[in-house]
**Student:** 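Below: one structure in structure tokens.
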There are 2 protein chains.
Amino acid sequence: MSKQQLPIIDAGVNVADAACCAPLLCEPLSESEAAELAPLFKAIADPVRLRLLSLIACHEDGEACVCDLTVAFDLTPPTISHHLKVLKQAGLIDSERRGTWVYYWINPGMLERLSVVLGPRVAETA
Amino acid sequence: MSKQQLPIIDAGVNVADAACCAPLLCEPLSESEAAELAPLFKAIADPVRLRLLSLIACHEDGEACVCDLTVAFDLTPPTISHHLKVLKQAGLIDSERRGTWVYYWINPGMLERLSVVLGPRVAETA
DNA sequence: TCCACATATAGATCTCTGTCAAATTAGAGC
DNA sequence: GCTCTAATTTGACAGAGATCTATATGTGGA
């Protein structure tokens with residue numbers, strides 16, 4: 001299955017630092033932090049991919065077959081496949097083939113990381 | 001000053017809905033919600049713009065002169081100016097001229113909106 | 001084995017975007 | 001008014017990206 005799905009990221013933002021406020025607002029992002037985060041944001045910076053992400057997350061059992069997704073758009077299957085690949089390469093989703101169909105699900109840690117960068121973290125059972 | 005800075009967005013995501021979990025994960029994003037959110041994410045989906053945002057937010061008094069920003073990058077002034085314009089058009093920052101210099105500051109509401117879409121909201125003094 | 005169906009890949013095309021150099025606008029001070 | 005500096009606009013160009021058609025791969029059933 002070639003080299004398509006190396007989940008690139010371990011973006012250098014550590015959750016402890018986020019206790020006070022959004023890391024982005026606490027202290028200047030380093031060049032390398034920015035370089036790691038930008039591709040993640042780029043992956044979700046597309047209306048089709050945002051909806052794909054949402055459709056997958058909200059689908060029964062938290063996973064969806066490509067066929068479920070394709071029908072929700074006015075786009076060809078290759079295009080949907082392309083967008084899914086982009087999301088997967090960013091580490092935001094994962095997939096598995098089961099018989100004829102391929103199922104995708106969300107990697108929630110990735111979304112949370114982005115959320116943390118932008119805003120204050122949820123109080124840990126404060 | 002032409003038409004550059006209409007803050008486009010009032011992305012149809014309402015904070016009340018976010019009480020349980022990230023809107024993105026609660027129910028499928030509508031086509032129009034996705035269309036409004038994607039440009040916002042696109043604005044921050046660039047390493048230079050992420051750092052600009054962060055530099056501005058962390059600068060003294062929460063605002064920074066363009067001259068402070070330009071020196072932090074290995075890019076020409078027109079390029080920095082371009083990125084600032086993108087951020088401003090997205091409504092993420094605002095600016096004002098004071099004498100010779102132009103100052104930029106963060107519009108915190110915008111960042112928070114994006115954070116809310118991706119992750120659970122901070123407990124309101126739970 | 002062969003066919004039908006579900007996905008993915010390859011290649012082409014058109015559009016969008018990041019960057020720079022050059023020219024322009026805006027203030028401040030002489 | 002002139003000139004210096006700060007910042008933006010314009011125009012050009014190269015690289016990235018979204019989409020399609022055509023083709024390939026993989027799986028299950030006749």
Side-chain angles (χ1 to χ4, degrees), chain A residues 1-6 8 31 34-35 38-53 55-56 59 63-90 92-105, chain B residues 1-5 8 31 34-35 38-53 55-56 59 63-90 93-105:
Chain A
M1 208 173 261
S2 72
K3 66 203 171 179
Q4 112 192 33
Q5 69 267 49
L6 324 163
I8 326 159
E31 209 161 331
L40 275 180
F41 284 116
K42 199 163 288 187
I44 63 171
D46 178 280
V48 173
R49 292 197 289 268
L50 272 177
R51 286 185 62 215
L52 279 172
L53 223 43
L55 283 168
I56 293 170
H59 204 265
E63 59 179 27
C65 167
V66 176
C67 56
D68 296 324
L69 302 171
T70 304
V71 299
F73 297 87
D74 200 20
L75 294 169
T76 63
T79 299
I80 299 300
S81 196
H82 161 71
H83 286 300
L84 289 170
K85 186 174 173 179
V86 171
L87 289 170
K88 185 166 179 177
Q89 284 181 318
L92 289 159
I93 59 177
D94 231 322
S95 70
E96 181 186 24
R97 167 161 228 140
R98 286 188 215 130
T100 308
W101 297 280
V102 176
Y103 290 86
Y104 282 84
W105 60 89
Chain B
M1 210 172 260
S2 72
K3 66 202 171 182
Q4 110 192 34
Q5 70 266 53
I8 326 159
E31 210 162 330
L40 274 180
F41 283 117
K42 199 163 287 186
I44 63 170
D46 178 279
V48 173
R49 292 198 290 269
L50 272 177
R51 286 184 63 214
L52 279 173
L53 224 43
L55 283 168
I56 293 170
H59 204 265
E63 59 179 29
C65 167
V66 176
C67 56
D68 296 323
L69 302 171
T70 304
V71 298
F73 297 86
D74 201 19
L75 294 170
T76 63
T79 300
I80 299 299
S81 197
H82 161 70
H83 286 299
L84 289 169
K85 186 175 173 179
V86 170
L87 289 170
K88 185 165 180 178
Q89 285 181 317
I93 59 178
D94 231 323
S95 70
E96 181 186 24
R97 167 160 227 138
R98 286 189 216 129
T100 309
W101 298 279
V102 176
Y103 290 85
Y104 283 85
W105 59 87

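The model shown is predicted, which means the values in this text are computed figures rather than measured ones. Chain identifiers are assigned alphabetically (A, B, ...) following the order of the sequence lines, protein sequences preceding nucleic acid strands; residue numbering begins at 1 within each chain.
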**Student:** Reading nucleotides 13-21 of chain D from the 5' end, what letters show protein touch, with B for base, S for backbone sugar-phosphate only, - for no heavy atom under 4.0 Å?
**Tutor:** ----SSBBB
**Student:** Report all side-chain donor-acceptor pairs from residues 63-71 of chain B shorter than 3.5 Å, counting only partners two or more places apart or in another chain.
**Tutor:**
| from | atom 1 | to | atom 2 | distance (Å) |
| --- | --- | --- | --- | --- |
| B/Glu63 | OE1 | B/Arg98 | NH2 | 3.0 |
| B/Glu63 | OE2 | B/Arg98 | NH1 | 2.8 |
| B/Glu63 | OE2 | B/Arg98 | NH2 | 3.2 |
| B/Asp68 | OD2 | B/Cys65 | N | 3.2 |
| B/Thr70 | OG1 | B/Val66 | O | 2.9 |

**Student:** Does any part of the side chain of B/Glu31, heavy atoms only, come nearer than 4.5 Å to the side chain of A/Pro47, both counted from C-beta?
**Tutor:**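 Not touching, per the 4.5 Å side-chain cut-off.
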**Student:** Which residues pass the side chain to side chain contact (heavy atoms under 4.5 Å, CB included) test with B/Thr100, sequence neighbours left out?
**Tutor:**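 Partners of B/Thr100 by the side chain to side chain contact (heavy atoms under 4.5 Å, CB included) criterion come out as none, since no residue qualifies.
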**Student:** Would you tell me if any nitrogen or oxygen in the side chain of A/Tyr104 comes within less than 4.0 Å of OP1 or OP2 on C/dA6?
**Tutor:**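 Answer is no, no contact under 4.0 Å.
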**Student:** Can you check the B/Ile93 CD1 to D/dT8 C1' distance for me, whole Å?
**Tutor:**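 Rounded to the whole Å, the gap is 14 Å.
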**Student:** Let me know the distance between CH2 of A/Trp101 and C1' of C/dA8, rounded to the nearest Å.
**Tutor:**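 Checked: the CH2 to C1' distance equals 17 Å.
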**Student:** With rounding to the nearest 0.5 Å, note down the distance linking CG in A/Leu92 to CG in A/Leu52.
**Tutor:**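 Nearest 0.5 Å value for the CG-CG distance: 11.5 Å.
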**Student:** Given 3.5 Å as the limit, does a donor-acceptor pair link the side chain of B/Arg49 with the main chain of B/His83, or not?
**Tutor:**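 No.
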**Student:** Tell me: CG of A/Leu69 to P of C/dT7, nearest whole Å?
**Tutor:**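 After rounding, the reported distance stands at 9 Å.
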**Student:** Can you tell me how far C1' of C/dA6 sits from NZ of A/Lys85, to the nearest Å?
**Tutor:**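 From A/Lys85 NZ to C/dA6 C1': 17 Å.
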**Student:** Tell me, what's DNA chain D's dot-bracket, Watson-Crick or G-U with both distances under 3.5 Å, | for other-strand, [ ] crossing?
**Tutor:** ||||||||||||||||||||||||||||||
**Student:** When you check every protein heavy atom under 4.0 Å of nucleotides 25-30 of chain D, what one-letter string (B, S, -) results, 5' to 3'?
**Tutor:** -SSS--
**Student:** With rounding to the nearest 0.5 angstrom, report the CG to CZ distance, B/Leu50 to A/Phe41.
**Tutor:**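 Interatomic distance, B/Leu50 CG to A/Phe41 CZ, rounded to 0.5 Å: 6.0 Å.
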**Student:** Can you list everything that forms a side-chain hydrogen bond (donor to acceptor under 3.5 Å, both in side chains) with B/His82? Sequence neighbours excluded, please.
**Tutor:**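 Per chain and number, B/His82 pairs via side-chain hydrogen bond (donor to acceptor under 3.5 Å, both in side chains) with no residue.
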**Student:** Would you mind reading off the distance between B/Leu52 atom CG and C/dT19 atom P, rounded to a whole angstrom?
**Tutor:**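 So the CG-P distance, B/Leu52 to C/dT19, works out to 10 Å.
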**Student:** Taking atom CD1 of A/Ile80 and atom CG of A/Leu75, what is their separation to the nearest 0.5 Å?
**Tutor:**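 Interatomic distance, A/Ile80 CD1 to A/Leu75 CG, rounded to 0.5 Å: 5.0 Å.
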**Student:** Rounded to whole angstroms, how far apart are CD on A/Gln89 and C1' on C/dT9?
**Tutor:**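 Spelled out: CD on A/Gln89 to C1' on C/dT9 is 12 Å.
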**Student:** When rounded to the nearest 0.5 angstrom, what distance separates NZ in A/Lys88 from OH in A/Tyr104?
**Tutor:**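 Interatomic distance, A/Lys88 NZ to A/Tyr104 OH, rounded to 0.5 Å: 5.5 Å.
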**Student:** State which residues pass side-chain hydrogen bond (donor to acceptor under 3.5 Å, both in side chains) with B/Arg51; sequence neighbours excluded, sorted by chain then number.
**Tutor:**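 Partners of B/Arg51 under the side-chain hydrogen bond (donor to acceptor under 3.5 Å, both in side chains) test: none.
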**Student:** Measure the spacing between CD1 of A/Ile56 and CG of A/Leu84 and express it to the nearest 0.5 Å.
**Tutor:**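 It comes to 5.5 Å.
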